[in-house]
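First the structure, in the form of structure tokens, and then the observations on it.
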Amino acid sequence: YPLKITSDSEKTCYELLNKTSRSFAAVINELHPELRNAIMLFYLILRALDTIEDDMSIDPKIKIPLLRSFYEKLALKDWTFDGNSPTEKDRDVLVKFNLILEEFHKLKPEYQDIINDITKQMGNGMADYINNEEFNLNGVKTVKDYDLYCFYVAGLVGHGLTKLCVASSFSDPTLLRKMELSDSMGLFLQKTNIIRDYKEDQDDGRSFWPEEIWSKYANKLSDFTKPENQEKGLHCITDLVLNSMAHIKDVLVYLTMTYDPSAFSFCAIPQVMAIATLAEVFQNKNVFKKNVKIRKGTACDLILKSRTYEGVLEIFSYYLKIIHHKCPVSDPNYLAIGIKCGEIEQFI
Ligand SMILES: O=C(O)CO[C@@H](C(=O)O)[C@@H](OCCCCCc1ccc2ccccc2c1)C(=O)NCCCCCc1ccc2ccccc2c1
Ligand SMILES: [Mg+2]
Ligand SMILES: [Mg+2]
């Protein structure tokens, strides 16, 4: 669909989108015009909220009220925020937030309400975690906390996207009665990022790997940065990958209920990138040293192949086999990985 830019503020919004996330920008730009601006603005507003959450230089006494009240800024005409540290990578979305607001108020009220509601829930969820001393000091404790945090920052995005797609008749309204499918769409992506971002988060003094899992393999999470602990670290990655695989069936069911071809690609592409990334981080000690990424050429093949549902099934089946074959017999989760791969294979 040709991109028809009608104002300077809209032009700036697309520039901000392309600058803050090449991967999501690529799929959002392909969307049908009916949804494209709504989802582009949904992305920028939540990225602005996340840029406040991610900035470790902002005092929690300032950050917590700002996260909880952020959704109220959506009612304003020209609010901006310049309180991020100069090094915060996406600080521009807050500095130019007035232009995002200008475009946001042009959306259908129904779309504005959906975005408002998700922004409010996410802001409160993020604030709850920073407020909870336990999480702030030692990171995520239980797998239950891990799922709750990922629900707040990504599951809710799935909820909002589902409501926007159903409102514009691009997806099956049944999805509204099965919101756990939307949860899984977000949790699968967020958990993949959290596994991949171990080193980056360690360097930022943050951690999202749940203690309930990593404590089986180390005394403290930073142990995995030492070579002598990396065999154990690989077992921990297996455990985390196994936990993420629990969402795959829901993801595949969700995709069968997304009718519009551009909405299907928009939903399918991040998911196939995630399964390819899981296979890349699996048994890969580089995770403890740098940010592991899938090759550009692979990403292009995946985009082409994920245009049909059969193509998506082939991609998942291919990478599940890779994960299964890469798992050494010595890994404590060797059998569980085989069982989970078999379970999903049957569904495919
Ligand atoms: O700072 C970073 O660069 C990464 O931040 C991560 C973090 O801080 O944890 C983390 O920040 C999360 C809070 C802000 C969420 C922003 C977002 C992301 C993608 C969207 C896609 C479409 C519409 C709106 C969207 C909103 C992050 O960006 N994680 C990437 C995974 C999030 C997936 C969200 C999501 C959920 C369901 C989906 C269903 C279909 C298609 C895309 C989907 C996308
Ligand atoms: Mg972030
Ligand atoms: Mg964040």
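When a ligand or atom number is given, it counts from 1 through the structure's own listing order. None of these values were measured; they are calculated from a predicted model.
- Taking the six-membered ring wherever Trp is involved, the centroid distance between the rings of F282 and H324 does not fall below 6.0 Å.
- With a 4.0 Å cut-off on non-hydrogen atoms, Y43 touches ligand 1 through its backbone as well as its side chain.
- For the 3.5 Å distance criterion, the side chains of N37 and Y14 qualify, holding a donor opposite an acceptor.
- In terms of N/O distances under 3.5 Å, ligand 1 is not approached by R206.
- Residue, atom and distance of the protein heavy atom nearest to atom 4 (C) of ligand 1 are R47 NH1, 3.6 Å.
- At a threshold of 2.8 Å, the Mg ion (ligand 2) has a backbone or side-chain N, O or S atom of D50 nearer than that distance.
- In terms of distance to the Mg ion (ligand 2), the nearest N, O or S atom of D54 is named OD2.
- When heavy-atom distances to ligand 1 are checked against a 4.0 Å cut-off, N193 comes that close only through its side chain, counted from C-beta outward.
- Heavy-atom proximity to atom 39 (C) of ligand 1, evaluated over L156, I39, L161, D197, is greatest for L161.
- Looking only at atom types and distance, the side chain of S9 has a donor-acceptor partner in the side chain of E103 under 3.5 Å away.
- Here's the thing with D50: one of its N/O atoms is less than 3.5 angstrom from an N/O atom of ligand 1.
- A donor and an acceptor atom, one from each side chain of Q283 and T238, are located under 3.5 Å apart.
- Scanning all protein heavy atoms for the shortest distance to atom 33 (C) of ligand 1 gives L189 CD1, 3.9 Å.
- Using cut-offs of 30° and 60° on the angle between ring planes, the pair Y198 and F224 is tilted.
- Looking only at atom types and distance, the side chain of N116 has no donor-acceptor partner in the side chain of Q112 under 3.5 Å away.
- Applying the 4.0 Å criterion to heavy atoms of K89 picks out, from ligand 1, the atoms 1 (O), 2 (C), 3 (O).
- W209 and Y217 have their aromatic ring centers separated by at least 6.0 angstrom.
- Atom 35 (C) of ligand 1 has as its closest protein heavy atom V157 CG1, 3.6 Å.
- Ring geometry for Y149 versus Y129: interplanar angle over 60°, hence perpendicular rather than tilted (30 to 60°).
- Atom 12 (C) of ligand 1 has its closest protein heavy atom at V153 O, 3.4 Å.
- Per-residue contacts place D54 under 4.0 angstrom from the following atoms of ligand 1 (heavy atoms of the residue considered): 1 (O), 8 (O).
- The residue among S182, G158, A263 with a heavy atom at the shortest distance from atom 37 (C) of ligand 1 is G158.
- At a cut-off of 2.8 Å, E53 does not coordinate the Mg ion (ligand 2) through any N, O or S atom.
- Residue contacts with ligand 1, taken as heavy atom pairs separated by less than 4.0 Å, do not involve T51 at all.
- Atom CG of D78 has 12 or fewer neighbouring heavy atoms from other residues, nucleotides or ligands inside a 6.0 Å radius.
- Counting heavy atoms closer than 4.0 Å to ligand 1, residue F266 contributes atoms from both its backbone and its side chain.
- Relative orientation of the F188 and F316 rings is tilted, given thresholds of 30° and 60° on the angle between their planes.
- Residue contacts with ligand 1: Q271 is placed with no nitrogen or oxygen under 3.5 Å of a nitrogen or oxygen of the ligand (distance criterion only).
- The distance from the OG1 atom of T119 to the CD1 atom of I45 is 5.5 Å, given to the nearest 0.5 Å.
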For residues 266-281, tabulate all N or O donor-acceptor pairs below 3.5 Å that involve a side-chain atom, not counting sequence neighbours.
| unit_1 | atom_1 | unit_2 | atom_2 | d |
| --- | --- | --- | --- | --- |
| Q271 | NE2 | M185 | O | 3.1 |
| T277 | OG1 | M273 | O | 2.7 |

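- Among protein heavy atoms, the minimum distance from atom 21 (C) of ligand 1 is reached at F24 CD2, 3.9 Å.
- D201 and S207 form no side-chain donor-acceptor contact under 3.5 Å, judged by distance and modelled atom types alone.
- The closest protein non-hydrogen atom to atom 29 (N) of ligand 1 is Q190 OE1, 2.8 Å.
- Taking every non-hydrogen atom of G186 and a distance limit under 4.0 Å, the qualifying atoms of ligand 1 come out as 36 (C), 37 (C).
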